[in-house]
2 protein chains.
Amino acid sequence: MTDSNDGNGGTGAATASVSSSSGRAGMQLGYTPLYMQVRQQLLDKLISGEWQPGTLLPSEQQLSVQMGVSQGTVRKALDALSADRIVVRHQGRGTFVAEHDQRRTLFQFFKIADDKGDRVLPETVYSQLKRAEPSASESRLLGLRPKGDVWRIVRHRALKGRVMLSEQIVLSADRFPGLDVHVPLPNNIYELYERHFVTTVTRAAEQLRAVAASAEDADVLGCSEHMPVLQIDRQAFALNGALVELRRSRCLTEQFHYASDLR
Amino acid sequence: MTDSNDGNGGTGAATASVSSSSGRAGMQLGYTPLYMQVRQQLLDKLISGEWQPGTLLPSEQQLSVQMGVSQGTVRKALDALSADRIVVRHQGRGTFVAEHDQRRTLFQFFKIADDKGDRVLPETVYSQLKRAEPSASESRLLGLRPKGDVWRIVRHRALKGRVMLSEQIVLSADRFPGLDVHVPLPNNIYELYERHFVTTVTRAAEQLRAVAASAEDADVLGCSEHMPVLQIDRQAFALNGALVELRRSRCLTEQFHYASDLR
DNA sequence: TGTCCAAACTCTTATATAAAAGTTATAGGT
DNA sequence: ACCTATAACTTTTATATAAGAGTTTGGACA
């Protein structure tokens, strides 16, 4: 902690053991509040895998003693992590590392809903995995080493017995070693990343376009060629901010739609 | 304030003048924290139009005295409103009622981006307004009185000189009396709602589908018939939660796309 | 007139304290 | 075995206090 940014208010004599990120005093740009430093420290434990998903964290009291800050500061840090859905807090029970259970997948990462507006998770009816060479852009986006391979996953997914989504997923083979051992892949693939590859997807960006179904799309989705389908390109990011998954989905939107909340 | 839900912690003798919503003590279900009651009281002033968009609110100190709660409780209420983008807070300046300026429209309500990922607000190249009878579903969704009319707005919007979006907007004629006086309508239509009709849009829900361009779409957008276009259905909600606008957009997605953040 | 500094104001951060609300485990009764 | 009360824990709410950070304003001064 720098002298200028000590930030010890109040009357207590808390000897904060939290160190500032950039050492010198008299920092001109930026200034990191104590609770954000605490947030980052907690986040580091999650990134390292020291606290696995589902783990019960120490209580606010315990953490405040461990880290040498007040309970209120720990609370602000945990609230910030909670807002990013990185931890989940339950009054009376404690604070847990968020898991990729069905509900989270449904509400955070799956935006397809039926005409009543209910989110429905489709079942995987076909799945294929193979190792391949990445394209130039894939290699760049995923930050692969030269000659680094990728996994390519193709899945067909159905709702109410009707195949309505075809998706291609691209992953770094280095980050997901031995992924082929887990074939057949589970429907909830982010849970797999998290359980076996210390990779927690916390955030994703999607780009949507209306395109004409290719001959292959038509075959898979059981529609005519050139039928309008919704193309969804997704980039998924891990706890440390790294882009870890590329995905392209093509989706029929006759009985279903993509739901987006603007708030 | 009920006895059971007094919630006066601390050592102070604050005589909270905030009244509980449901009177009897021993309430079984629900319990509204004091800061949420304060939030609602502040929100009521916004809904009534007593505090217009752009207004500087009283300071936390002043509000805490006025409402008979602590400054920290006012802070929690204002933070909650800030999270919903209903007010905007600036350190050193104060708390302001959020306005529908260009930036807000761009980042909260317009999700079209170019291939670099930059949000771009399209210009209106054609605009038409007429009074008409609502369909049954429009009447129901907008909560119109029997025989209540609607306004229908048709707009064509262009990016970089290219018409790429055609939209139809439906509004209650009762809620927007004399809307035709404001023809030609400004590009930022939510600013118009807010300035002249005490209607602040705070939240919207969108449903996206890929559909084939109709003959009319093809004419407007300058594409061939049956070309895949992105159809966006929007319901926009006001401060009090009422559905105040229905909108259907059809959008070319060759050079642009709909950007959705999953977090 | 123009510049600089200090005061006064805002929100923000940080602390401490206390009580309420909700959960879980334990002990004791029927 | 089952239910109940209780104790011990958790997060959540509410308060008070103090100092930091950022903005605006007004006055001293050149």
Side-chain angles (χ1 to χ4, degrees), chain A residues 1-18 20 25-39 56-65 67-82 87-96, chain B residues 1-18 20 25-39 56-65 67-82 87-96:
Chain A
M1 178 110 45
T2 61
D3 294 336
S4 62
N5 291 335
D6 190 308
N8 264 340
T11 52
T15 54
S17 61
V18 177
S20 167
M27 227 189 317
Q28 305 250 3
L29 296 174
Y31 140 80
T32 312
L34 188 51
Y35 79 91
M36 285 300 284
Q37 298 178 36
V38 171
R39 188 199 110 106
L56 172 62
L57 263 57
S59 72
E60 295 179 350
Q61 274 305 336
Q62 292 172 304
L63 285 173
S64 74
V65 173
M67 314 185 81
V69 300
S70 77
Q71 174 267 340
T73 300
V74 171
R75 163 158 278 266
K76 282 203 76 169
L78 288 174
D79 280 346
L81 290 172
S82 176
V87 303
V88 177
R89 318 197 71 193
H90 297 288
Q91 186 176 6
R93 297 217 288 139
T95 303
F96 300 82
Chain B
M1 178 103 53
T2 61
D3 295 335
S4 63
N5 291 335
D6 189 310
N8 263 339
T11 52
T15 54
S17 60
V18 177
S20 166
M27 224 188 321
Q28 305 250 1
L29 296 174
Y31 142 79
T32 313
L34 188 50
Y35 79 91
M36 286 300 284
Q37 297 178 37
V38 171
R39 189 201 109 107
L56 171 63
L57 264 56
S59 70
E60 295 179 350
Q61 274 304 337
Q62 292 172 305
L63 286 173
S64 74
V65 172
M67 314 186 81
V69 301
S70 77
Q71 173 267 341
T73 300
V74 171
R75 163 158 279 267
K76 281 202 76 169
L78 289 174
D79 281 345
L81 290 172
S82 176
V87 302
V88 178
R89 318 197 72 193
H90 296 287
Q91 185 176 4
R93 297 216 289 139
T95 303
F96 299 82

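Chain letters run A, B, ... following the sequence lines, proteins first and then strands; every chain starts at 1. Note that the structure is predicted; figures quoted are calculated from it, not measured.
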For atom CG of B:Asp79 and atom P of C:dT13, their distance in whole Å
9 Å
If the condition is side-chain hydrogen bond (donor to acceptor under 3.5 Å, both in side chains), which residues does A:Gln62 pass it with, not counting sequence neighbours?
A:Ser59
Give the nucleotide from the list C:dT17, C:dT12, D:dA14 with an atom nearest to the side chain of B:Arg75.
C:dT12
Could you report the tightest heavy-atom contact between A:Ser70 and A:Ser64, atom names first, then the distance?
C-CB, 3.7 Å
Tell me which of A:Gln71 and A:Tyr35 sits closer to the 5' end of DNA chain C, going by the nucleotide each one is nearest to.
A:Tyr35
What's the spacing between B:Met67 CE and B:Leu34 CG if we round to 0.5 Å?
9.0 Å
Measure the distance from CG on B:Leu34 to C1' on D:dT12 and round it to the nearest whole Å.
13 Å
Looking at A:Lys76, I'd like to know whether one of its side-chain N or O atoms comes within less than 4.0 Å of OP1 or OP2 on C:dT13.
yes
Specify the closest pair of heavy atoms between B:Ala80 and B:Arg39, including all atoms of both residues, with the distance to one decimal.
CB-CD, 3.9 Å
In terms of side-chain heavy atoms of A:Arg89, which of C:dA21, D:dT12, C:dA16 is nearest?
D:dT12
Rounded to the nearest 0.5 Å, what separates atom NZ in A:Lys76 from atom OG in A:Ser82?
14.0 Å
Rounding to a whole Å, what distance do you find between B:Leu78:CG and C:dC11:P?
8 Å
Excluding sequence neighbours, so at least two apart, what forms side-chain hydrogen bond (donor to acceptor under 3.5 Å, both in side chains) with B:Arg89?
B:Glu60, B:Asp79, B:Thr95
List every contact pair, protein side and nucleotides 7-10 of chain D side both N or O, where the distance is under 3.5 Å.
{"from": "D:dT10", "atom 1": "OP1", "to": "A:Ser59", "atom 2": "OG", "distance (Å)": "3.2"}
{"from": "D:dT10", "atom 1": "O2", "to": "A:Gly92", "atom 2": "N", "distance (Å)": "3.1"}

Between C1' on C:dA14 and CE on A:Met36, what's the gap in Å once rounded to a whole number?
15 Å
